[in-house]
Amino acid sequence: QKEVEQDPGPLSVPEGAIVSLNCTYSNSAFQYFMWYRQYSRKGPELLMYTYSSGNKEDGRFTAQVDKSSKYISLFIRDSQPSDSATYLCAMSNTGTASKLTFGTGTRLQVTL
Amino acid sequence: GAVVSQHPSRVICKSGTSVKIECRSLDFQATTMFWYRQFPKQSLMLMATSNEGSKATYEQGVEKDKFLINHASLTLSTLTVTSAHPEDSSFYICSARDLRTGQNTIYFGEGSWLTVV
């Protein structure tokens, strides 16, 4: 079993839709939870991070962590074609600038 | 903002030859850099942690003698794939840890596509 599981998609939604991206994990030591966006053939860029359980909102993006269920989510409101990318969840037990364990990434396509 | 640069972005080499990939932090010093490999439709897999002035720490299953890492300065780490084979073809990405005051985050490079023919 992989430490971090993520549905690879692809996920196709119309412009303006609410997108829900999810990851599950098995390592209860993970404390830091990150979401990265990766455009085709580029390096990932950090979107958001959350420490321990709870919600965090940044503009159209909301990250949720439920440590009891070992389940994290990223919600994108009012999705735009420019949101089309691969979204990777990443986790660490020591910090956002430490060794990260990534999910496979979910490929999102927002259509006009 | 902080930028991490990787070079080359694409490289094709013949089987049996060696190829070097550079990772530079452009506006901050990075005592720690990370090297990842990403196969198509798969997640980034950490290969090794590169520490300036000391030996790299390799993840289980990664061949130290095949993937040579050198972190000779605070802004440069290199990954050399020795005696490359077609199965080494992949997307290699580095990241650098920014520990400046108020930062403490990781920035990724743009990645390097390696094709071994």
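What's counted below: heavy atoms across the whole structure, side chains too, no hydrogens, waters or symmetry copies. Note on naming: letters A, B, ... go to the chains in the order of the sequence lines (proteins, then strands), and numbering restarts at 1 for each one.
In the hydrophobic clustering of ILVMFWY residues, with side-chain heavy atoms under 4.5 Å counting as a link, M33(B) and I69(B) come out apart. Tracing side-chain contacts under 4.5 Å through hydrophobic residues (I, L, V, M, F, W, Y), one reaches I76(A) starting from V65(A); they form part of the same cluster. Residues V4(B) and V11(B) are members of separate hydrophobic clusters, defined by side-chain heavy-atom contacts under 4.5 angstrom among Ile, Leu, Val, Met, Phe, Trp and Tyr. Hydrophobic clustering keeps F108(B) apart from I21(B) (ILVMFWY residues linked when any side-chain heavy atoms are closer than 4.5 Å, directly or through intermediates). If you chain together hydrophobic residues whose side chains sit under 4.5 Å apart, V62(B) and V116(B) fall into the same group.
With a 4.5 Å cut-off on non-hydrogen atoms, T101(A) does not touch chain B at all. With a 4.5 angstrom heavy-atom cutoff, Q6(B) does not touch chain A via any of its atoms. No part of K2(A) comes within reach of chain B, as not one of its non-hydrogen atoms sits under 4.5 angstrom from that chain. Only the backbone of Q42(B) comes within less than 4.5 Å of a heavy atom of chain A; no side-chain atom from C-beta onward does.
Heavy-atom neighbours of K99(A) NZ from other residues, nucleotides or ligands within 6.0 Å: at or below the threshold of 12. Surrounding NZ of K20(B) are at most 12 heavy atoms belonging to other residues, nucleotides or ligands under 6.0 Å away. Remark: H85(B) NE2 is packed, more than 12 non-hydrogen atoms of other residues, nucleotides or ligands lying under 6.0 Å away.
Contact tally against chain B (heavy-atom pairs below 4.5 Å) for G105(A), S98(A), G9(A): the top residue is S98(A).
Remark: F39(B) CZ to T104(A) OG1 distance equals 15.0 Å, nearest 0.5 Å.
Applying a 4.5 Å heavy-atom cutoff, the residues of residues 42-53 of chain A that approach chain B are K42(A), G43(A), P44(A), L46(A). Heavy-atom proximity under 4.5 angstrom to chain A picks out S43(B), L44(B), L46(B) from residues 43-51 of chain B. Residues of residues 20-40 of chain A having a heavy atom under 4.5 Å from any heavy atom of chain B, listed by number: Y36(A), Q38(A). Residues of residues 86-94 of chain B having a heavy atom under 4.5 Å from any heavy atom of chain A, listed by number: F91(B), I93(B).
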